[in-house]
2 protein chains.
Amino acid sequence: MGTASKALTLLNYFSRAHSQIGLSDLARLSGMNKATVYRLMGELADHGFVEQIGAGREYRLGPAFLRLAALREKAVPMRELALAELTKLSELTGETSHMSLLNGEVLSNLTYSYAHKHGTMVMMEDAEVLELHSTGSGLAVLAFSPAPFVDAILSKPLIARTPETVTDPAAIQALLPKIRQRGMAWSIGGYERDVYSHAVPIFDAGSHCIGAMAVAAPVSRMTDELRATIQTELALAARRTTRVLGGFPPDSFPKFKPTDSPVESELT
Amino acid sequence: MGTASKALTLLNYFSRAHSQIGLSDLARLSGMNKATVYRLMGELADHGFVEQIGAGREYRLGPAFLRLAALREKAVPMRELALAELTKLSELTGETSHMSLLNGEVLSNLTYSYAHKHGTMVMMEDAEVLELHSTGSGLAVLAFSPAPFVDAILSKPLIARTPETVTDPAAIQALLPKIRQRGMAWSIGGYERDVYSHAVPIFDAGSHCIGAMAVAAPVSRMTDELRATIQTELALAARRTTRVLGGFPPDSFPKFKPTDSPVESELT
DNA sequence: GTCGCCGGTTCATTATTTGAACCATCGGTT
DNA sequence: AACCGATGGTTCAAATAATGAACCGGCGAC
């Protein structure tokens, strides 16, 4: 691993829950030598990627990201384009919709839209992280990712977020062909209890899966009718999104036909 | 310069005007060897900091910044806090207000707020770059920055954005003591013709100047009364912003008294 | 007082970065 | 069609930068 990669890797230890980290902690987390971490963090700090605060001299993410994110969004208005589709999707379905991007071995939320039709709805957060094995979006991505990548993900310990989470690698592998065949994944209570989620992969210009678009509804509100609406509209919205982002579904990607999916009680 | 710094430096060549750059161009711009740039960009791409597109294999900023910016804003809601102050400020003054952060040798826009009171207003853009020598915000920052930094900035060629831009280093140096004394800078048509801008520096926890808050109005609309309103409200808003961001003005920083500043035709 | 941990620093050893030269490929020009 | 001058990408010996064990001084808990 190159030196630059090591520096960038350090940034991955910052999360919503862990927003500031001391030098020694960072060295432990990364397994690097303390002196190495010190020097790398110094370089990151010089460029505004991290900053040191207060008495403990802990590090946190720096202001440079705001500028670079604004430039990225100006050059490639992914968030803006996705949000336009999500807004329509939430209106049509009356439920929360969101889009997330593959980032290493997890999905991170790009943006989301609420429908204000019901008193309850599934809540989302910016930069929220979704696991690949326990969420509808994750399964959609796995189904359209290279086999070695899938194997790597599923060979690590799979955390059971709820009693309904499928944590058996073989069972998850078994789900993927069906997801590939219909171009859509679903997950019932796999990540959070009471959340029924449908997800469709999004592709880039090289037909690589880069993330997923999803609709999440409370389990208690799901009916055959709502399911049909979600599946139809989500498939359309996701296809438009892939295209508007300049991407192409792979040739094997199915045209979703709502009649194909009675869905019944097929878990996950 | 460490290897990590070199990689991070490469990111600085991307701007609104120059949003995608080829390998050879990047090597020329940075003065680094093509092979070096190739390897560094490869590492940046592995982490989603840049991505390569299309036939020309050009690079552009990657999606990782969206996630990291969201995390940064979650941990340190600078933009949110600044925007709250700017919104009030624009309402009180009836003019466009904005805040920008020092980033290397330039200021980059953090956020801004429009007043919808008049048919015309000064327009801003996300991630817009402001020069230190030709803008009110830049002068405010220079006045409260270490002398070596100021000298370094003023010893480079100073671009005349308009016929009114002051480009003589000595003349700019001469302005700084007065700005320090009153805690506020102004610029009339120095960056864009017809823009009359007032600016106050913002400080961090170590009393270092990290940026500026400003109000920009069309020259044609400026009256003694508007000037007095802007100066009073801007000084208050900037002080609140420094505090709410966890910072402190240096001990030498003056309490702004509107009566101190008849201002008349004192250029810049 | 003292123990343990913190951020920060040092310097000889070591492994990584570096860059000139090289390829294959593409478009435009002669 | 042959050529030219670009491009992105690759190689490998030489040079340089990264590394990490050990070491500080300081702080807080016991």
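Ring pair F248(A)/F253(A): centre-to-centre distance not below 6.0 Å.
Among L132(B), L142(B), I210(B), the single residue meeting the side-chain contact (heavy atoms from CB on, under 4.5 Å) criterion with L102(B) is L132(B).
The shortest distance between the side-chain N/O atoms of T3(B) and the OP1/OP2 oxygens of dT16(C) is not below 4.0 Å. Residue T36(A) has a polar side-chain atom (N or O) positioned under 4.0 Å from OP1 or OP2 of dG20(D).
Ionic pairing of E51(A) and R60(A) is present here: one or more N-O contacts between side-chain nitrogen and carboxylate oxygen are shorter than 4.0 angstrom. Residues R240(B) and E85(B) are paired through a salt bridge, judged by an N-O separation under 4.0 Å between the basic side chain and the carboxylate. With respect to the salt-bridge test (charged N to carboxylate O, under 4.0 angstrom), the residues E105(B) and K156(B) qualify.
One interatomic measurement links the two molecules: CG of L40(A) to P of dA17(D), which rounds to 15 Å at whole-angstrom precision. Atom CG of L10(B) is separated from atom C1' of dT17(C) by 14 Å (rounded to the nearest Å). Straight-line distance from the CD atom of E43(B) to the P atom of dG9(D): 15 Å, rounded to whole Å. When rounded to the nearest whole Å, the span between CZ of R39(B) and C1' of dG9(D) equals 14 Å. The CE-C1' distance, from M1(A) to dT19(D), rounds to 13 Å in whole Å.
Closest contact between the side chain of K6(B) and the listed nucleotides dT18(C), dT19(D), dT17(C) involves dT18(C).
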Next on the checklist: How would you summarise protein contacts on nucleotides 4-12 of chain C per nucleotide, using B for base, S for sugar-phosphate only and - for none, with heavy-atom distances below 4.0 Å?
Outcome noted: --SBBBB--

Under 3.5 Å, which donor-acceptor pairs do the side chains of residues 1-14 of chain A form with other protein atoms, sequence neighbours left out?
from: S5(A); atom 1: OG; to: E43(B); atom 2: OE1; distance (Å): 2.7
from: T9(A); atom 1: OG1; to: S5(A); atom 2: O; distance (Å): 2.7
from: N12(A); atom 1: OD1; to: R67(B); atom 2: NH2; distance (Å): 3.3

